[in-house]
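Just below is one structure, and these are the notes that go with it.
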2 protein chains.
Amino acid sequence: MGFERDCMSDRIRRVLAERIIGGELAPGERLVEMRIAEEFKTSQAPVREALRELETLRLVESEPYRGTRVREVGEREMAEAYAVRAVLEQAAAETAAPALKGDLGGLRRCLEALRASALAEDQAGYARHNLEFHRRIVEASGNRILLQTWDALGFETRVRIRLARHEPDLAHLADIHDPIFEAIEAGDGPTAGRLLREHAESFIAVHSASSPATEGA
Amino acid sequence: MGFERDCMSDRIRRVLAERIIGGELAPGERLVEMRIAEEFKTSQAPVREALRELETLRLVESEPYRGTRVREVGEREMAEAYAVRAVLEQAAAETAAPALKGDLGGLRRCLEALRASALAEDQAGYARHNLEFHRRIVEASGNRILLQTWDALGFETRVRIRLARHEPDLAHLADIHDPIFEAIEAGDGPTAGRLLREHAESFIAVHSASSPATEGA
DNA sequence: AGGAGATCGATTATCGATGGTCAAGTCTCC
DNA sequence: GGAGACTTGACCATCGATAATCGATCTCCT
């Protein structure tokens with residue numbers, strides 16, 4: 001998973017994804033294939049591929065002959081995604097803890113980078129290191145399907161959307177990871193799992209509270 | 001999710017998927033775009049789209065300029081998928097049980113169809129009804145992302161692969177669903193969840209036992 | 001003989017153009 | 001004045017052809 005191809009379609013996909021995440025492309029906005037093709041000095045084919053891939057990442061949605069538009073990422077969907085993430089990470093941590101004990105260094109570095117970003121109020125950096133922390137745990141479970149499933153939830157983008165919306169106290173959020181790390185340090189998978197689950201689930205309330213179920217197709 | 005488009009690319013995708021599931025296309029076999037295009041009396045473009053979609057369904061894998069081939073679905077991956085399925089369905093059942101109590105009819109019909117297929121030794125039918133039973137539960141959780149995640153695991157195909165490999169006692173497998181149904185009937189989400197999880201996890205041992213980690217890219 | 005490098009065939013990635021489809025606006029006829 | 005058929009524009013789905021890339025084979029020099 002995750003080789004850096006350099007086809008045109010991949011480049012287009014990356015750029016469009018970045019724009020959607022950055023809010024440059026508003027939800028509901030249309031993505032017209034030929035217009036994008038012109039911008040990238042390319043033809044329609046690579047654009048179509050890129051759009052289809054973005055569709056599987058759930059960043060856009062398209063209807064036959066009706067075109068593609070940026071997906072509305074409602075708070076409800078956000079809460080649902082965190083609920084799924086919660087159970088996945090719990091399961092991952094339960095099996096990953098022993099494996100992680102052997103290589104705590106990487107995880108510790110993540111945690112430190114996380115804290116540094118939090119202090120610097122660097123949202124993008126915080127998001128990146130945060131994701132890396134969690135992803136390492138999922139990866140260490142040794143279950144590739146679990147990792148792919150976790151990746152497919154697209155938290156790469158969700159976290160940044162959430163931070164942009166709610167602007168929470170990064171330093172406080174960073175601290176929450178300490179007990180998780182300690183549980184892993186102690187090789188206590190079940191506790192680490194439970195903490196991770198609670199960590200993820202604590203965001204569900206935040207999301208549900210702010211907006212009453214934005215319906216998305 | 002799941003409108004029946006009638007583009008050429010969708011038709012191609014369906015046919016190819018059916019062939020892969022049915023074993024007509026062996027794992028590792030190459031899928032050459034132009035050859036398929038000729039067969040369907042079409043051009044390369046729709047074939048490409050179909051292949052890319054099959055790739056996200058993990059039925060095939062492709063490398064740039066190297067082509068696409070049918071994915072090797074190893075026993076290890078199978079076991080991993082069932083492990084993920086286990087936690088997803090557990091989580092689903094816990095919240096879905098109350099909602100399902102209101103409409104037990106559909107679930108009961110699934111169960112009956114399931115048993116009928118088992119008695120008739122109809123593997124395809126068993127797979128279909130079995131999946132429908134489980135999917136209804138996930139659907140009833142009300143969490144769309146959870147449902148999408150579950151769908152993305154591709155058990156539509158996995159179950160049939162597994163049945164083809166191991167040819168288990170369908171009648172016995174069908175019976176296992178009874179206590180799950182009863183727990184739901186009683187509105188006992190946690191119990192239903194636990195049973196579902198154990199149900200899924202019971203397959204992991206089967207898979208791990210038969211083949212020592214078939215590596216897939 | 002043996003290996004670095006050129007060449008070739010096969011296949012993918014991309015191109016520019018065309019045919020179909022949808023939605024909105026226009027025109028007709030009542 | 002209004003409902004429905006017709007036209008129009010914009011756009012997607014597909015096409016046939018071309019460029020780019022890969023793996024393997026072949027060549028030539030030592």
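For the pair B/R48 and A/E49, the salt-bridge criterion is met [side-chain N within less than 4.0 Å of a carboxylate O]. A salt bridge does not link A/E139 to A/R144: none of the charged side-chain nitrogens sits closer than 4.0 Å to a carboxylate oxygen.
Here D/dA13 is the nucleotide among C/dT14, D/dC15, D/dA13 with the atom lying nearest to any side-chain atom of A/R52.
Note on B/R35: every side-chain N or O is 4.0 Å or more away from OP1 and OP2 of C/dA10. Look at A/R48 and you won't find any side-chain N or O under 4.0 angstrom from OP1 or OP2 of D/dC12.
Taking atom CD on B/E63 and atom P on C/dT11, their separation rounds to 16 Å, with Å as the unit. One interatomic measurement links the two molecules: CZ of A/R69 to C1' of D/dC12, which rounds to 14 Å at whole-angstrom precision. Rounded to an integer number of Å, the gap from CE of B/M34 to C1' of C/dT14 is 14 Å. For the pair B/E33 CD and D/dA17 P, the computed distance is 17 Å after rounding to whole Å. Atom P of nucleotide C/dT12 and atom CD of B/E38 are separated by 12 Å, given to the nearest angstrom. Residue B/M8 contributes atom CE, which lies 13 Å from atom C1' of C/dG19 at whole-angstrom precision. The distance between atom CD of B/Q44 and atom P of C/dT12, rounded to the nearest whole Å, is 7 Å. Per the geometry, CZ belonging to A/R30 stands 8 Å off C1' belonging to D/dA10, to the nearest Å.
B/R162 and B/Y82 share a donor-acceptor pair across their side chains, judged by distance under 3.5 Å alone.
Note that CG of B/L88 and NE2 of B/H134 are 13.0 Å apart. Values are rounded to the nearest 0.5 Å. With rounding to the nearest 0.5 Å, the separation of OG in B/S141 from CG in B/L147 is 7.0 Å. Atom CZ in B/R109 sits 11.0 Å away from atom CG in B/L104 (nearest 0.5 Å).
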Can you pull every protein N or O that's under 3.5 Å from an N or O on nucleotides 22-24 of chain C?
| from | atom 1 | to | atom 2 | distance (Å) |
| --- | --- | --- | --- | --- |
| C/dA23 | OP1 | A/R66 | NH1 | 3.2 |

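Heavy-atom distances to DNA chain C give each of B/A45 and B/T68 a nearest nucleotide, and the one nearer the 5′ end belongs to B/T68.
In this structure, A/L51 reaches neither bases nor backbone, as no heavy-atom distance under 4.0 Å exists between it and the strands shown.
The cationic atom of A/R85 (NZ for Lys, CZ for Arg) lies less than 6.0 Å from the six-membered ring centre of A/F155 and within 45° of the ring axis.
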